[in-house]
Amino acid sequence: MSIFHSMNTSASGLTVQRLRMDIASSNIANADTTRGRFVNGEWLPYRRKMVALKTNESQFTHFLRQAIHNKNSTIGNGVKAAGIVDDQTPFKTLYQPEHPDADENGYVRLPNVDPLKEMVDIMSASRSYEANITALNASKGMLVKALEIGK
């Protein structure tokens, strides 16, 4: 483990939390988009996106640590985004016959985005971002103090 291990771990957390905030912001921006994707000659509403996270460790490294320590290792290598996935919850429908995207019965399919849920995700990501900054500053402070010892 290098002296920068904790800083790299915090940096990976910062990167992922920023991505979570960007995706949630995109979801809020498209909360009313009825023409999100054109599929088979038909417009589909915008579908909510989510960030899938996983540890920043290869399978081999994970199994090697388990073999060496004979238990789950508590030393992590941070986190990374495994991908951006679509939320498969059904679209909302609204009776609005004058809407240009209304079907023959007058119903419009709306995105499956809940602005309240997105705000909670943004707040959660923001708090995690702040926690990672605090950890990064603590690591930086410890490294600076360690360098001062060598003077």
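Keep in mind it's a predicted model, so treat the numbers as computed, not measured. These numbers come from the heavy atoms of this one structure, side chains and all, not from hydrogens, waters or symmetry mates.
In terms of heavy-atom proximity, I122 sits nearest to A24 at CG1-CB, 3.4 Å. Across V79 and G13, no two heavy atoms sit closer than the pair CG1-CA, 4.0 Å. Counting all heavy atoms, side chain and backbone alike, L53 lies closest to A81 at CD2-CA, 4.3 Å.
Note that OG1 of T9 and CZ of F4 are 13.0 Å apart. Values are rounded to the nearest 0.5 Å. Atom CD1 of I133 sits about 11.0 Å away from atom CD of Q17, to the nearest 0.5 Å. Atom-to-atom distance recorded for N30:CG and Y46:OH is 5.0 Å, nearest 0.5 angstrom. Rounding to the nearest 0.5 angstrom, the gap separating the NE2 atom in H5 from the OG atom in S139 is 10.0 Å. Separation of atoms CZ (R18) and CD1 (I23) is listed at 11.5 Å; rounding is to 0.5 Å. To the nearest 0.5 angstrom, K92 atom NZ is 6.0 Å from D114 atom CG.
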Q | Derivation of the side-chain contact (heavy atoms from CB on, under 4.5 Å) call for E118 and V113 | A | CA-CA 8 Å; E118 301 304 324; V113 175; 3.9 Å; yes
Q: Starting from the C-alpha separation in whole Å, work towards a yes-or-no answer on salt bridge (charged side-chain N to carboxylate O under 4.0 Å, His left out) for D121 and K117.
A: CA-CA 6 Å; D121 282 351; K117 189 184 293 183; over 6 Å; no
Q.
Under the criterion side-chain contact (heavy atoms from CB on, under 4.5 Å), I'd like the reasoning laid out for R20 against S124: C-alpha separation, chi angles, the key distance, then a yes or no.
A. CA-CA 9 Å; R20 282 184 61 206; S124 171; 3.5 Å; yes
Q: Applying side-chain contact (heavy atoms from CB on, under 4.5 Å), run through K145 and I149 and close with a yes or a no.
A: CA-CA 6 Å; K145 290 291 183 189; I149 291 173; 5.8 Å; no
Q) What do the steps show when you test T34 against L110 for side-chain contact (heavy atoms from CB on, under 4.5 Å), and what is the final call? A) CA-CA 6 Å; T34 56; L110 298 173; 3.8 Å; yes
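Y107 OH: 12 or fewer foreign heavy atoms inside a 6.0 Å radius. A 6.0 Å sphere centred on CZ of R127 holds no more than 12 heavy atoms belonging to other residues, nucleotides or ligands.
Between the side chain of D103 and the main chain of G106, a donor-acceptor pair closer than 3.5 Å is present. No side-chain donor-acceptor contact under 3.5 Å links D86 to the backbone of Q88. The closest donor-acceptor contact from the side chain of R47 to the backbone of D87 lies under 3.5 Å. In terms of modelled atom types and a separation under 3.5 Å, the side chain of S25 and the main chain of M21 share a donor-acceptor contact. Under the 3.5 Å distance criterion, the side-chain polar atoms of S10 are left unmatched by any main-chain donor or acceptor of M7. The main-chain N or O of K49 is found under 3.5 Å from a side-chain atom of N27 such that the two form a donor-acceptor pair. In terms of modelled atom types and a separation under 3.5 Å, the side chain of N112 and the main chain of T89 share a donor-acceptor contact.
Checking each of N137, L143, L136 against K140 for a side-chain contact (heavy atoms from CB on, under 4.5 Å) leaves exactly one that passes, namely N137.
For E42 and R109, the salt-bridge test passes: some basic side-chain N is under 4.0 Å from an acidic carboxylate O.
No single ILVMFWY cluster, assembled from side-chain heavy atoms under 4.5 Å apart, contains both V108 and W43. Note: the hydrophobic cluster containing I28 does not contain V120 (ILVMFWY, side chain heavy atoms under 4.5 Å, direct or indirect links).
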